[in-house]
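Heads up, the thing below is written out as structure tokens.
Nothing here was measured: the structure is a model prediction, and the numbers come from that model.
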Amino acid sequence: RQPRLCQCAPGWLWLQLVLAAFSQSLDSDFTFTLPAGRKECFYQTMKNDASLEIEYQVLDGAGLDVDFTVFSPSGQMLFSDYHKSDGVHTIDTEEGDYMFCFDNTFSSVSEKLIFFELILDNMDTDEDPDDWKEYVQGTDILDMKLEDIMDTINNVKARLGKSSQIQTLLRAFEARDRNIQESNFERVNFWSVVNLIAMVLVSGVQVYLVRSLFEDKRKIRT
């Protein structure tokens, strides 16, 4: 909730405005492990005429895939992805609880490491965002140009939020790429050891066969 400002000195008022502009965070992200053969669902409460953006990625696990579904508050399926490694969905919401599920029941062996992020827009608070104006009287508004200041702060906040979102997604991509590289590294090492063992065995067999060709098996009687 946006804090209510007090009637105070201009310097404190500026500080209160900055804190109010940056006090709300409508973005959230979560990383969890989805066991094999399991399905996990999450809920997000939304308001009318708001916007909900859901982005997910499978960071680790065999196949890097998962089933994903989104349901409206009335239970209607809005989106469904099958065996996808990532996806982005945007919803113009109505009031109620939205449910989104990650399904790994098709895999009986491999668990999946899943990252998802929720971005909520137009989630107005119960308080009027212009309530602060009643605490500033007379020419203070004209002198300080509070509306211009608030517009600038909101623009900075939006850009910082976008930058934070991009950085979060880049970290998710980096984590997935690192998991893929480590998995490939383990596979290369495993098959290199297998090939080395096979080469040693083949060399030993060849040496034995060559030596057996030159052995004189005739018995010498004296």
Donor-acceptor pairs are to be reported for all side-chain atoms of residues 31-40 against protein atoms at under 3.5 Å, with residues two or more places apart or in another chain.
residue : atom : partner : partner atom : Å
Arg38   : NH2  : Glu40   : OE2          : 2.9

* To do: Would you please name every residue forming a ring-ring contact (aromatic ring centres under 6.0 Å, His included) with Phe100, sequence neighbours left out?
  => Phe42, Phe116

* Asked: Counting N and O atoms only, with roles assigned by atom type, does the side chain of Thr93 sit under 3.5 Å from a partner on the main chain of Ala50, one being a donor and the other an acceptor?
  -> yes

* To do: Would you sort out whether Gln57 and Leu59 count as a side chain to side chain contact (heavy atoms under 4.5 Å, CB included), showing the intermediate values?
  => CA-CA 6 Å; Gln57 294 182 36; Leu59 302 181; 4.2 Å; yes

Atom pair [atom1] ([X]) and [atom2] ([Y]), whose distance is rounded to the nearest 0.5 Å:
X      : Y      : atom1 : atom2 : answer
Asp121 : Asp49  : CG    : CG    : 13.0 Å
Lys112 : Asp103 : NZ    : CG    : 10.0 Å
Glu55  : Glu117 : CD    : CD    : 6.5 Å
Cys41  : Phe71  : SG    : CZ    : 7.5 Å
Leu113 : Asp60  : CG    : CG    : 6.0 Å
Phe190 : Arg187 : CZ    : CZ    : 11.0 Å

Donor-acceptor pairs are to be reported for all side-chain atoms of residues 83-92 against protein atoms at under 3.5 Å, with residues two or more places apart or in another chain.
residue : atom : partner : partner atom : Å
Asp86   : OD2  : Arg176  : NH1          : 3.3
His89   : NE2  : Asp81   : OD2          : 2.8

* Shortest non-hydrogen contact from Tyr82 to Asp67? -> CA-OD1, 3.2 Å

* Asked: What closest approach, in Å, do Ser51 and Met46 show between heavy atoms, and which atom pair accounts for it?
  -> O-CE, 3.8 Å

Check whether [X] and [Y] end up in the same hydrophobic cluster, where Ile, Leu, Val, Met, Phe, Trp and Tyr are linked by side-chain heavy atoms less than 4.5 Å apart.
X      : Y      : result
Tyr43  : Met77  : yes
Tyr98  : Leu118 : yes
Met99  : Phe79  : no
Leu201 : Val193 : yes

* Is the gap between the ring centers of Tyr56 and Phe68 under 6.0 Å? -> yes

Excluding sequence neighbours, so at least two apart, what forms side-chain hydrogen bond (donor to acceptor under 3.5 Å, both in side chains) with [X]?
X     : answer
Ser80 : none
Asp29 : none
Ser74 : Ser72

* Asked: Are Arg178 and Glu174 close enough for a salt bridge, meaning some N to O gap below 4.0 Å?
  -> no

